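Everything quoted here is computed from the prediction, not taken from an experiment.
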Amino acid sequence: MASHYEAPIRKPLVIGNKGYHDVTVDIAAPVEGRANKHWWIVFSIALVAFLWGVGCIIYTVSTGIGTWGLNKTVNWAWDITNFVWWVGIGHAGTLISAVLLLFRQKWRMAINRSAEAMTIFSVVQAGLFPIIHMGRPWLAYWVLPIPNQFGSLWVNFNSPLLWDVFAISTYLSVSLVFWWTGLLPDFAMIRDRAVLPFQKKIYSLLSFGWSGRAKDWQRFEEVSLVLAGLATPLVLSVHTIVSFDFATSVIPGWHTTIFPPYFVAGAIFSGFAMVNTLLIIMRKVCHLENYITIQHIELMNIVIMLTGSIVGCAYITELFMAWYSGVEYEQYAFLNRATGPYWWAYWSMMTCNVFSPQFMWFKKLRTSIMFSFFISIVVNIGMWFERFVIIVTSLHRDYLPSSWTMFSPTFVDIGIFIGTIGFFFVLFLLYARTFPVIAQAEVKSILKASGEKYKTLRDSGKPMYQITKLKAEVKEPITDDVLMGEVVPTVGDKVGVSDLLSAVGSFDATTQEADDLKKVKGIGPQMEATLNEIGIYTFAQVARMTESEYNLLDSITGSFPGRAQRDDWAGQAAILLNNKR
């Protein structure tokens, strides 16, 4: 049976002549094997940065917030800059996965897991800064709207700072459930491959009893779509509320209605850049070059270029509205940003966020791994400077020149920020060693449509089941095209079926009795009819299947790829055969 037609201009999303079993082995390898040298190098650097940050946090809490560079004029500075930066990075992760799922984009399959994990770990870093900024974090429960020892002390529900708490916690909850739901089939895969009893027990608990039944997959699809539908508007609402921290004030440079869409676009921009950074690192550290391909990197770069252009339009709109308003305070706020003491921060922001993404118009540059990695780092630096410019340059010179002052970060400010970056990568690298970083079940679902091996067969006009080297009836080799290292028979010779039957044995209706194959978990009425059509009727035939027969069966049927091997049809059939005897 030939596969459905697909336009030959589409490049394969999975390269390297991968079959279903290859996908499982490659994706499970970072979890099951030992960490390689690249992983230890990156992890060591991240751990040192994290420990430095922990030391600075301990010093801050034990000494006081006076160790920071804050002053009476610039009382929001390094900490709120880092908070908004981390929240922005966290937004794009779930958005990438949710929106691409809703639009059924196949290139999502290799990047969604890393993007979703990035959201969780970024929001964790963002949450650290408000807690540390309290000065006495052990009294953080005072912000809760509950009666306490001071009487009836209630939080101010009119404050957008409190809206942040509810919006970000809701977003974190939905993102966490969305991420964990997608991991269930992969936890089950690791569970079934586990050798150690302890490891099998742990992944059994994590997989929530996933069995791979059709009902499981149906619920999986339904829940994923519902959560994607919830997460998409949450992405827009959360950073809109973060922007209200500034837009609801009367400070020049902050009091503007463009902040909500401007902050959302900036969050998506920085988030896509961080995803690109992580993908480029993980494809090298975990040897996933065949799954996170140049095409994935290129598509991410196109999105970065587009969102960078949107952010650039927002900058121009801000400047125009400041001029058009005729308000001298607004005009001075933006003039001070570009020509004042912090001019270097403003022009760093413009260079990194507006000019650098425009290099992605050139295909040679956007398909270069090193250049893509460089630009992704530059964009994240630029987005940090954007938050710094918005906060510090709007505060350090207000209406009274007598209160003008400069802000300079201390080593504690810098150390805590670097510590959160280290903490983020420590979490991500540990996650990559315990959880599959690519959704193997979803990659398998697109393999026949977007795998290099199968696309090559289709482009040559060969049926999908013709993947063997010799005809069953003829002893001489077939003189056909060699594709991906395999000699493919001519069209019309169902060699795959013949080879499968020669391995598992044929069925003789005159001397043998057909078994009820539906007793094997994973074989339903339709699959049983398909197996009967091929010539498989008995438990004995199914029990003889090995990995090669499983792959051959997947190629012939074209449905439920990997199901036979995952459910161990041969093992089940052997048990049923023994019980029958």
Asker: Between Trp217 and Phe220, is the ring centroid distance below 6.0 Å?
Answerer: yes

Asker: Measure the spacing between CG of Leu225 and CG of Leu230 and express it to the nearest 0.5 Å.
Answerer: 11.0 Å

Asker: Classify the angle between the aromatic ring planes of Phe246 and Trp76 as parallel (below 30°), tilted (30 to 60°) or perpendicular (above 60°).
Answerer: perpendicular

Asker: Using 0.5 Å steps for rounding, measure from the CD1 atom of Ile369 to the CD atom of Glu298.
Answerer: 10.5 Å

Asker: Check Phe407, Tyr342, Phe388 against His396 for a ring pair (Phe, Tyr, Trp, His ring centres under 6.0 Å) and give me the one that passes.
Answerer: Tyr342

Asker: Working to the nearest 0.5 Å, report the span between CZ of Phe272 and OG of Ser270.
Answerer: 10.5 Å

Asker: Is atom CZ of Phe374 surrounded by more than 12 heavy atoms (other residues, nucleotides or ligands) closer than 6.0 Å?
Answerer: no

Asker: Drop me the distance from Ile268's CD1 to Ile89's CD1, to the nearest 0.5 angstrom.
Answerer: 14.0 Å

Asker: Is the backbone of Asp413 close enough, under 3.5 Å, to the side chain of Trp78 for a donor and an acceptor to pair up by distance?
Answerer: yes

Asker: Aromatic ring centroids of Tyr431 and Phe428 under 6.0 Å?
Answerer: yes

Asker: With rounding to the nearest 0.5 angstrom, report the CH2 to OG distance, Trp254 to Ser249.
Answerer: 5.5 Å

Asker: Can you confirm if the aromatic rings of Trp180 and Phe187 lie within a centre distance of less than 6.0 Å?
Answerer: yes

Asker: So, do Trp86 and Trp384 have ring centers that fall under 6.0 Å from each other?
Answerer: no

Asker: Give the intermediate values and the outcome of side-chain contact (heavy atoms from CB on, under 4.5 Å) for residues Glu318 and Phe259.
Answerer: CA-CA 9 Å; Glu318 273 194 313; Phe259 263 29; 3.3 Å; yes

Asker: Once rounded to the nearest 0.5 Å, what's the spacing between atom CD of Glu386 and atom CD1 of Ile390?
Answerer: 4.5 Å

Asker: Does Phe355 CZ have over 12 foreign heavy atoms under 6.0 Å away?
Answerer: yes

Asker: Is the ring pair Phe371/Phe359 parallel, tilted or perpendicular, if the boundaries are 30 and 60 degrees?
Answerer: perpendicular

Asker: Indicate the ring-plane relationship of Trp68 and His133, choosing parallel, tilted or perpendicular according to the 30° and 60° boundaries.
Answerer: tilted

Asker: Check the angle between the aromatic planes of Phe50 and Phe423 and answer parallel, tilted or perpendicular using the 30° and 60° thresholds.
Answerer: parallel

Asker: Does any non-hydrogen side-chain atom of Ile120 lie less than 4.5 Å from one of Leu172?
Answerer: yes

Asker: According to the ring-ring contact (aromatic ring centres under 6.0 Å, His included) rule, which pairs have a member within residues 23-48, sequence neighbours left out?
Answerer: Trp39-Phe43

